[in-house]
Amino acid sequence: MNKINSLYVHIPFCERLCSYCDFPKYLSSLNLEDKYLKALFLELDSIAKQNLKTIYIGGGTPSSLKEDNLNSLLSFLYEKFKGSEEFSIEANPESLSDEKIEILKANNVNRVSLGAQSFSSEILSILNRTNCNKDLVISRIRALKHSGIDNINVDFIYGLRIEKYEELEEQIKICRQEGVKHISIYSLQIEENTPLFYKKDIVKDQDGLSDTYEFLNKVLLKYGYKRYEVSNFSLEGYQSRHNLTYWRNKEYYACGLGATSLINSIREVRTRNIFDYIESKNVIVSSIKEDKEDREFNYLMLNLRLECGFKLEEFRKLFNKDFLISYKNEMENLKDFFEITSTSVKVKNEYLYILDSLLVDLLHFKN
Ligand code: SF4
């Protein structure tokens, strides 16, 4: 078995539900937290005690947990797995109180990802995130830094027709002034089973999205945030080590509602039904053993999301063949979009935005 270095833990509770969100989550007011955590600890117990390099608690909104539950979860995880390089948690500014920041610090959390999405009150209202605002985000960044946690990511969304370039730039400028180390920017995806699905025309068309992405890329660079993955930008030395585990197609543990793990080439997906999860009943809803062809497909699909691409030597070692020979025909048609050196292959920076269509031409998707 390969050494696994990472663990993902899912906390599916949110104080209110955003209009675009399709993640596995339930309202905190349903009071399922204690029962859920009991089942989560049971699942975590099934993993042997060991030192991991990265732990990532995502959601949902992990910072919405009650203080005693947050403390028990963090101390359990640190005691058992350490997270020696990166112990990360997602937080919403409105639920990240000073007391909770103290709990994070006391339990060795060293990276916090804040969900801001926008500093525009008009946009926050469309997203049903009116509890949050620019001043609150700034106040939480300052409180985190004051506690000694300075590895901070801020998440933003772009793509609404009403957004203004000046406001998008202002958000990034403020983050830089406040010492934020990492910014994730995602284009707003309207999922079928979300309230925004019926207002799809509030989102820019493909050309508009593409222009905005290009603009953001330039502005982020102007403020020192270098892109290292399609939607992720950081100051030097602050790339997310945990997320690099996924993009480099390495194996990882995962626990909690809707979470997917990859262990011994088996990709296991957990239920999104919280009542099944709480009863530890039918927890694994899909378990697929990846063959060599699947691993190669995933390796290319994920590594090509990275600005640095992949190393030809690594590909050769993993799959026992030469990429440039095996993909000679495909690359003949795609060569203008890729940068190929004697050691690596990557998508040219200006084409990273059309990565999905390049992958369709490069890889053989199964139906
Ligand atoms: S976007 Fe985040 S905070 Fe909003 S409902 Fe989804 S998981 Fe909860």
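As the structure lists them, so they are numbered: ligands from 1, and atoms in each ligand from 1. Remember, it's a predicted structure, so these values are computed and weren't measured experimentally. Note: hydrogens, waters and symmetry copies are ignored here, and every other heavy atom, side chains too, is used.
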Exercise. For the residue pair His182 and Tyr228, categorise the inter-ring angle as parallel (less than 30°), tilted (30 to 60°) or perpendicular (more than 60°).
Key: perpendicular
Practice problem: Under 4.0 Å from a heavy atom of Thr61: give me the atoms of ligand 1 that qualify, with their elements. | Solution: 3 (S), 8 (Fe)
Practice problem: Tell me which protein heavy atom sits closest to atom 6 (Fe) of ligand 1, plus the residue, atom name and distance to 0.1 Å. | Solution: Cys21 SG, 2.3 Å
Quiz item: Is it true that Tyr56 and Phe87 have ring centroids separated by less than 6.0 Å?
Solution: no
Quiz item: Relative to the heavy atoms of Cys14, which atoms of ligand 1 are at a distance of less than 4.0 Å?
Solution: 3 (S), 5 (S), 7 (S), 8 (Fe)
Exercise. May I ask you to decide if the ring planes of Tyr351 and Phe337 are parallel, tilted or perpendicular, using 30° and 60° as cut-offs?
Key: perpendicular
Practice problem: Give a yes or no on whether Lys134 atom NZ has more than 12 heavy-atom contacts from other residues, nucleotides or ligands under 6.0 Å away. | Solution: no
Exercise. Find all atoms of ligand 1 within a distance of less than 4.0 Å from any non-hydrogen atom belonging to Asn92, and give their numbers and elements.
Key: 3 (S)
Practice problem: Specify whether an N/O/S atom of Cys18 falls short of 2.8 Å from atom 6 (Fe) of ligand 1. | Solution: no
Exercise. Provide the number and element of each atom of ligand 1 under 4.0 Å from a heavy atom of Tyr20.
Key: 1 (S)
Quiz item: Does ligand 1 have an atom that lies less than 4.0 angstrom from a heavy atom of Gly60?
Solution: yes
Practice problem: Mark the output for Arg129 as yes if a heavy-atom distance to ligand 1 is under 4.0 Å, and as no if none is. | Solution: yes
Exercise. Determine yes or no for a side-chain-to-main-chain donor-acceptor pair under 3.5 angstrom, with Gln171 supplying the side chain and Phe119 the backbone.
Key: yes
Quiz prompt | Enclosure of Tyr213 OH (heavy-atom neighbours >12, cutoff 6.0 Å) | solution = yes
